[in-house]
**Q** 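So that we are looking at the same thing, I have put the structure below in structure tokens.
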Amino acid sequence: MNAVVTGGCKGLGLSFTLELVKRGYHVYALYNTSLDNAHKLSNEHITCLHCDITNEDEIKKVLPDNIDLLVNNAGIAIDNLYQDKTKER
């Protein structure tokens, strides 16, 4: 089974990554700025992949073909209401 965790190399995302490994998943942990953590974390059960999740082409390049579970954990804070958000913001 394959799982993808955005922001999966630090903070809450790291907790998701480690728990999913315990549950038998191979985790693709996406990161944008956590290079040091990614190098320490990568092993036979965790593949850390650099990805800017705001770039759709980049996402398509790095994601595996078969994903069983997605934890959409990464995010950015922009000062506007949820209903005002667009794909670009």
**Q** When you measure from the side chain of Thr6 to the backbone N and O of Leu30, does any donor-acceptor pair fall under 3.5 Å?
**A** no
**Q** Nearest 0.5 angstrom please: Tyr28 OH to Leu63 CG, how far?
**A** 10.0 Å
**Q** Within the 4.5 Å heavy-atom criterion, are Pro64 and Val4 side-chain neighbours or not?
**A** yes
**Q** About how many Å separate SG of Cys9 and CG of Asp36, when rounded to the nearest 0.5 Å?
**A** 11.0 Å
**Q** For Ala3, does its backbone N or O pair with a side-chain atom of Asp68 as donor and acceptor, under 3.5 Å?
**A**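 Answer holds: no.
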**Q** Give a yes or no on whether the backbone of Gly8 and the side-chain of Thr17 come within a donor-acceptor separation of less than 3.5 Å.
**A** yes
**Q** Lys22: what forms a salt bridge (Lys or Arg N to Asp or Glu O under 4.0 Å) with it, not counting sequence neighbours?
**A**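 With sequence neighbours excluded, Lys22 shows a salt bridge (Lys or Arg N to Asp or Glu O under 4.0 Å) to no residue whatsoever.
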**Q** Any ring pair (Phe, Tyr, Trp, His ring centres under 6.0 Å) involving residues 31-68? Give me the pairs, sequence neighbours left out, ordered by first then second residue.
**A** Tyr31-His50
**Q** If hydrophobic clusters are built from ILVMFWY residues whose side chains come within less than 4.5 Å, do Ile59 and Leu70 share one?
**A**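 As far as the 4.5 Å side-chain criterion goes, Leu70 and Ile59 are connected within one cluster.
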**Q** May I ask you to test the Ile46-Leu18 pair for a side-chain heavy-atom distance under 4.5 Å?
**A**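 SC-SC contact between Ile46 and Leu18 confirmed.
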**Q** Going hydrophobic residue to hydrophobic residue with side-chain gaps under 4.5 angstrom, can you get from Tyr25 over to Leu12?
**A**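 Linked, Tyr25 and Leu12 end up in one cluster.
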**Q** Between Asn2 and Asn66, do the side chains contain an N or O donor and an N or O acceptor separated by less than 3.5 Å?
**A** yes
**Q** Taking atom CG of Asn73 and atom CD1 of Ile53, what is their separation to the nearest 0.5 Å?
**A** 9.0 Å
**Q** To the closest 0.5 Å, what do you measure between CG (Leu69) and CE (Met1)?
**A**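 Nearest 0.5 Å value for the CG-CE distance: 8.5 Å.
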**Q** Are side-chain heavy atoms of Leu20 and Val71 found at a separation under 4.5 Å?
**A**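 They are in contact (side-chain heavy atoms under 4.5 Å apart), so the answer is yes.
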**Q** Could you tell me if the side chain of Leu14 sits less than 4.5 Å from the side chain of Leu41, heavy atoms only?
**A** yes
**Q** Any non-hydrogen side-chain atom of Lys10 less than 4.5 Å from a side-chain atom of Thr33?
**A**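 Side-chain contact under 4.5 Å: yes.
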